[in-house]
Amino acid sequence: MKKTMKQNSLLSGVKSLGVVLSLSLALISCTKDDVAQNPTKPNEETNKNLTTFVAGGENKTRTSLDYNSGNFYWEADDYIYVKDDDGVLQKSTNAPTSKVAAFKYKVPGKFTASSSYKVYYLGKNSSGNSVTISTTQSQTAPDNTEHFGTAGDYGTATATGTLGGKAFSFELEHQPAYLVFQPYTSNTILQSCYLTKVEVSSDNDIAETYTVNPTTGALDASAVTDGKQIVLTTKDAASGSSYNNGFPLTNNSASLTTNGAYMVIKPGTHTLRVRYWVKDVVTNVEGTITKTLPATAYASNTYYDMKADLNIRNYDGNHYYMWDAQEQYWKGYEWTKNLGAGIGQPTIDQALPGATTSSNYAQSNSDPNNRWHNETNSMPPINATHSCAGLPNVNEITWYAAKGDPRWDGDELWTTMGHLYKGGMWFKKKAYISGYNSNIAADGVDWRNENTGDSWSVSQTLPSAADADKYFYLPALGFYVHGQLNLLSKFGYYWSSSALAGTSDYAYGLYFFRNAVYIDIDHRFAGFIVGTFE
């Protein structure tokens, strides 16, 4: 099915952390006042057994990013680990108590046999010799990277000094890649909603555990459970926070200060699917807006601008037809004419408050607006000649249902007739359905000559990020009958180009809901969707 949503590329910029830092700090030198010491004076006797490792100064990387200035900072409780002369990984005895540009770490152990030592930053949740890029990350305010240390940010460095000396300096080189999400929208419905989380799925692992190899000093990688997906929560549960509901979507252009969100991922070549979770706090509807990226190499120590126009699919409400009618179900009474309740096209599902019914639909073949269904009644096969002529025939829709790997998506958001909804089905495109045939159904019988039907179960799992472009999406747009809108966002009803022979009353359609796909005959006077498959 053709998608009406604009599919913008998310990759609008790539910036090296080192380059940005060099540009922003090249003219600045750290003085002794820039180096935050322990808040309490250390015991001098104890301090004799500690070696100083200085982090910071000109062109040094730290552990959180000020995106706009390019400056990095050490955060509270950022400890380092250093491998000493005995091969023991020693943890610093101190750490910053607040955000600082530089810091003097004190490290126990023996550091007299070499003029250089391996330094590790393993984040805030380290077990002492390993770090994990987490599958669940959380950011409590826009344009804030303080969560890097708990999300799995890590880095390595070589500290250098004088052989036998008691002080060494180092420049930390970060190892993950960083995604910088910057969603925006001009959709007035979405501008009253909030971004609650960003879900990123990959064709391979983007989360990982790294353990310090005691022999080589290298960081050895090992896969983590569900490492192909990371979910970044973008709200603050603290009482009174401005971000209890999430980050606002009031901006119609990229704005870090409005909703900028940062994710730490494993570097490498990944095909990513990004799902922006959006919630309308008035109606309590929460769902996703999906963007898919081609395979891209994400380098370590680099951040990637992910600017995304959240322009969700809109379905106009003008594609409901009686089977093969010349004109749509509400021709002359379209909802856009604002004709009022009981006159124009109903836009709210019959089961919901505020629903209306109108009698201004075709009720016989004498309808002056040509909205009555095709009454052709002859020997099979009966093929559509008007609005349904370009649709798949009944044989073809069996291939989509039986062999098209249908997958229900209860979260993808879309709009129709001025309201926000979710719910629909993914099907494989016919190019990826083995055996697809217009003349024979998936069971080997020509259904155009039969009076039959069948049903198939569906998956509740989305297509993988790697296979996303092999599928198309059909929304659950419900149907009209007797002037009422029914099962909107719950069921999808789509006509085929085939009608049942021997009667002027029935035609074949494809129907689906969250648990199954059906192909069966239904009354030609029903207002089902005439939509483009693929």
Do [X] and [Y] have side-chain atoms, one donor and one acceptor, less than 3.5 Å apart?
X: Glu286; Y: Thr196; result: yes
X: Thr257; Y: Asp143; result: no
X: Thr185; Y: Asn187; result: no
X: His319; Y: Asp316; result: yes
X: Ser438; Y: Glu396; result: yes
X: Asn144; Y: Tyr262; result: no
X: Asn395; Y: Asn437; result: no

Listed by chain and number, what are the ring pair (Phe, Tyr, Trp, His ring centres under 6.0 Å) partners of [X], not counting sequence neighbours?
X: His373; answer: none
X: Phe479; answer: Tyr493, Phe528
X: Phe427; answer: Phe472
X: Trp414; answer: Tyr315, Tyr421

Sequence neighbours left out, what passes side chain to side chain donor-acceptor pair (under 3.5 Å) with [X]? Give chain and number order.
X: Tyr329; value: none
X: Ser434; value: none
X: Thr209; value: Thr132
X: Ser366; value: Ser364

Exercise. Would you check, one step at a time, whether the test salt bridge (charged side-chain N to carboxylate O under 4.0 Å, His left out) holds for Asp446 with Arg448?
Key: CA-CA 5 Å; Asp446 187 348; Arg448 294 173 298 180; 3.0 Å; yes
Can you tell me how far apart [atom1] ([X]) and [atom2] ([Y]) are? Round to the nearest 0.5 Å.
X: Asn377; Y: Tyr506; atom1: CG; atom2: OH; result: 12.5 Å
X: Leu413; Y: Leu420; atom1: CG; atom2: CG; result: 5.0 Å
X: Leu310; Y: Thr290; atom1: CG; atom2: OG1; result: 10.5 Å
X: Asp520; Y: Asp454; atom1: CG; atom2: CG; result: 9.0 Å
X: Ile230; Y: Ser202; atom1: CD1; atom2: OG; result: 9.0 Å
X: Ser498; Y: Trp323; atom1: OG; atom2: CH2; result: 7.5 Å

Quiz item: With sequence neighbours left out, which residue pairs that include part of residues 331-352 fulfil the ring-ring contact (aromatic ring centres under 6.0 Å, His included) condition?
Solution: none
Practice problem: Please say which of Arg275, Arg514, Lys422 ends up in a salt bridge (charged side-chain N to carboxylate O under 4.0 Å, His left out) with Asp409. | Solution: Arg275
Exercise. List the steps and the verdict of side-chain contact (heavy atoms from CB on, under 4.5 Å) for Phe181 and Thr234.
Key: CA-CA 11 Å; Phe181 300 103; Thr234 53; over 6 Å; no
Just by distance, do the side chain of [X] and the backbone of [Y] share a donor-acceptor pair under 3.5 Å?
X: Asp236; Y: Ser242; result: no
X: Gln137; Y: Ser134; result: yes
X: Ser358; Y: Ile343; result: yes

Exercise. Decide side-chain contact (heavy atoms from CB on, under 4.5 Å) for Val394 and Ile519; before the verdict, give the C-alpha distance in whole Å, the side-chain angles of both, and the deciding distance to 0.1 Å.
Key: CA-CA 8 Å; Val394 64; Ile519 294 177; 4.1 Å; yes
Practice problem: Check salt bridge (charged side-chain N to carboxylate O under 4.0 Å, His left out) between Lys266 and all other residues, then give those that pass, not counting sequence neighbours. | Solution: Glu208
Self-check item: Under the salt bridge (charged side-chain N to carboxylate O under 4.0 Å, His left out) test, residues paired with Arg524 that sit two or more places apart
Solution: none
Please report, to 0.1 Å, the donor-acceptor pairs under 3.5 Å made by any side chain of residues 483-491, with sequence neighbours excluded.
{"residue": "Gln484", "atom": "NE2", "partner": "Thr357", "partner atom": "OG1", "Å": "3.4"}
{"residue": "Asn486", "atom": "ND2", "partner": "Gln484", "partner atom": "O", "Å": "3.0"}

Exercise. Report, as yes or no, whether the 6.0 Å neighbourhood of atom CG on Asp443 holds more than 12 heavy atoms from other residues, nucleotides or ligands.
Key: yes
Quiz prompt | Test item: Asn393 and Ser496 side chains (from C-beta on) under 4.5 Å apart, heavy atoms | solution = no
Quiz item: In this structure, which one of Asn252, Asn251, Leu249 forms a side chain to side chain contact (heavy atoms under 4.5 Å, CB included) with Gln191?
Solution: Asn252
Practice problem: List the atom of Pro176, the atom of Pro267, and the distance in Å for their closest heavy-atom pair. | Solution: CA-CD, 3.9 Å
Self-check item: Identified side chain to side chain donor-acceptor pair (under 3.5 Å) counterpart of Asp324 within the set Asn374, Thr376, Asn383
Solution: Asn374
Quiz item: Testing Tyr471, Phe512, Tyr473 for ring-ring contact (aromatic ring centres under 6.0 Å, His included) with Trp426, which one passes?
Solution: Tyr473
Self-check item: Ring-ring centroid check Tyr400 Tyr436, cutoff 6.0 Å
Solution: yes
Quiz item: Does the separation of the ring centres of Tyr361 and Tyr480 fall below 6.0 angstrom?
Solution: no
Practice problem: Run the numbers on His523 and Asp505 for side-chain hydrogen bond (donor to acceptor under 3.5 Å, both in side chains), then give the verdict. | Solution: CA-CA 6 Å; His523 290 282; Asp505 295 330; over 6 Å; no
